[in-house]
Number of protein chains: 2
Amino acid sequence: MPTSKTQPVIAATEGAQRALILTRAARLFRKKGFERTTVKEIAQACEMLPGSLYYRYKTKEELLVDLMRYGIEDVMQDVLASFEQTEDPSEQLRYCINAHLRALVSDSDLIFVLLFEWRALGGEAQSDIIALRDDYERLWSDILEAMVQEGVLKPDVDLKLLRLVGIGSLNWVATWYDPEGPYDLDQIGGFLWRIIVDALLAGGARGAPS
Amino acid sequence: MPTSKTQPVIAATEGAQRALILTRAARLFRKKGFERTTVKEIAQACEMLPGSLYYRYKTKEELLVDLMRYGIEDVMQDVLASFEQTEDPSEQLRYCINAHLRALVSDSDLIFVLLFEWRALGGEAQSDIIALRDDYERLWSDILEAMVQEGVLKPDVDLKLLRLVGIGSLNWVATWYDPEGPYDLDQIGGFLWRIIVDALLAGGARGAPS
DNA sequence: GTCTATACTCTGATAGAC
DNA sequence: GTCTATCAGAGTATAGAC
């Protein structure tokens, strides 16, 4: 192999290992919760022994933090990419909703863990992750604000409430969604999207903002 | 004290003790999670010692199960009572939304624990609690169905999806609601209620069911 | 019913060989 | 980088006195 390509290849391998560990861990954390999952189990799932894991992460909590960081980067990329697929604000919302849902229930369980295990983090780590989550929510604020400025949403809608309630309904999907169930992600996302648009579309006949 | 009153008084005292223990435990579980809360801490919060707790509950998990059972009975009563305060289906929905929100963030943290700690339960206990939760969700199905039959919601609305998405947005409020924050429960509940009604009201001009 | 004292288990984490 | 071996600590749960 040419020397010039050595560096990237190593990096990719490293990254792959990290991804593998975090994904396997996420699956366990999602199923059993962070505390009930032992380091032994994580190592086993990665086909190594506990000692080897401690070469990469000083503590179990540090692994969780890295997992969450990795997860949030993942969603943000997905949502941003979806956002840029169209210029139409209403469609942008639809795409982003779908991207969020996909990230939430896809085979990587990173986002689920991010959403449901943050209490397992101690003080400072918790603040770090919350800050990252705020970044992500800001992304949604931007999307909604653009919709207002483009005249797709009524100007007097409380965007913060809409964001909180909307993301909430999306996040909760993770608790009941069943790939074998009657609804696919597009249906769920579309349902929510339609409600928002129907209720809050600019120029709507009903719904005085009281 | 007259003898005839002795029995009830004892029962009330017993019940009060149970309520005290479960409420104190719930606060801890909410803050730290079930696993990170030690039996010692629970006992301390109840001003007793670990041994005393084990007189009432054979295991820590049994305490959690009782807590969840107690919590779900609580919500169901509240929501049912709210439902019966009016005959108007639309208002019924509004009242029930508010009741759910109140239960969710009131000083008793029972519902929060019920919603976020069910993974801490092992197999059979988990099934029991899920069955209880299904009972509760059925209550919401009934409310929504009544709204359709009274002509308040469009007949072609997917009630199951509406229920899932709606309850989800309500439940998630528990993760961000701040009593000192800008929104009170009525505002939050009202916001969601208005969206539903505006988007899905029978005879709506927009929103063909695709 | 509550307390004291304690047994037993399991887990996160470390040190050092390879 | 990964494995072996192991420790110190913590936590649930129990037995029996009061």
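A, B, ... follow the sequence lines: proteins, then strands. Residue 1 opens every chain. Keep in mind the model is a prediction, meaning the values are calculated, not measured.
Rounding to whole angstrom units, OH of residue A/Y54 and P of D/dC7 are separated by 17 Å.
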Contacts table for residues 77-90 of chain A: side-chain donor-acceptor under 3.5 angstrom, sequence neighbours left out:
from, atom 1, to, atom 2, distance (Å)
A/S82, OG, A/D78, O, 2.9
A/T86, OG1, A/D88, N, 3.1
A/D88, OD2, A/E91, N, 3.1

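Atom CG of A/D158 and atom CG of A/L200 lie 10.5 Å apart (nearest 0.5 Å). Note: B/D109 CG to B/F29 CZ = 11.5 Å, rounded to the nearest 0.5 Å.
Counting only residues at least two apart or in different chains, salt bridge (Lys or Arg N to Asp or Glu O under 4.0 Å) contacts with residues 118-142 of chain B comprise A/E117-B/R119, B/D135-B/R138, B/E137-B/R163.
The stretch residues 32-51 of chain B touches DNA chain D through B/T37, B/T38, B/V39, each having a heavy atom within less than 4.0 Å of the strand.
Using a 4.0 Å cutoff to heavy atoms of chain A, the contacted part of DNA chain C runs 5' to 3' from C/dT11 to C/dT14.
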Intra- and inter-strand pairing of DNA chain C, written as dot-bracket with Watson-Crick and G-U pairs under 3.5 Å and | for the latter, reads ||||||||||||||||||
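Checked by atom type and distance alone, the side chain of A/E62 never pairs as donor or acceptor with a backbone atom of A/T59 at under 3.5 Å. Without hydrogens or angle criteria, B/K60 side chain to B/T38 main chain gives no donor-acceptor distance under 3.5 Å. Formation of a donor-acceptor pair under 3.5 Å by the B/Q126 side chain with backbone atoms of B/W118 is found in this model.
Looking at residues two or more places apart in sequence or on another chain, you find no side chain to side chain contact (heavy atoms under 4.5 Å, CB included) involving A/Q44.
The aromatic rings of B/W172 and A/W172 sit perpendicular, their planes meeting at an angle over 60°, well past the 30° parallel limit.
A salt bridge is defined here as a Lys NZ or Arg NE, NH1 or NH2 lying under 4.0 Å from an Asp or Glu carboxylate O, and B/D66 with B/R56 fails to meet this definition.
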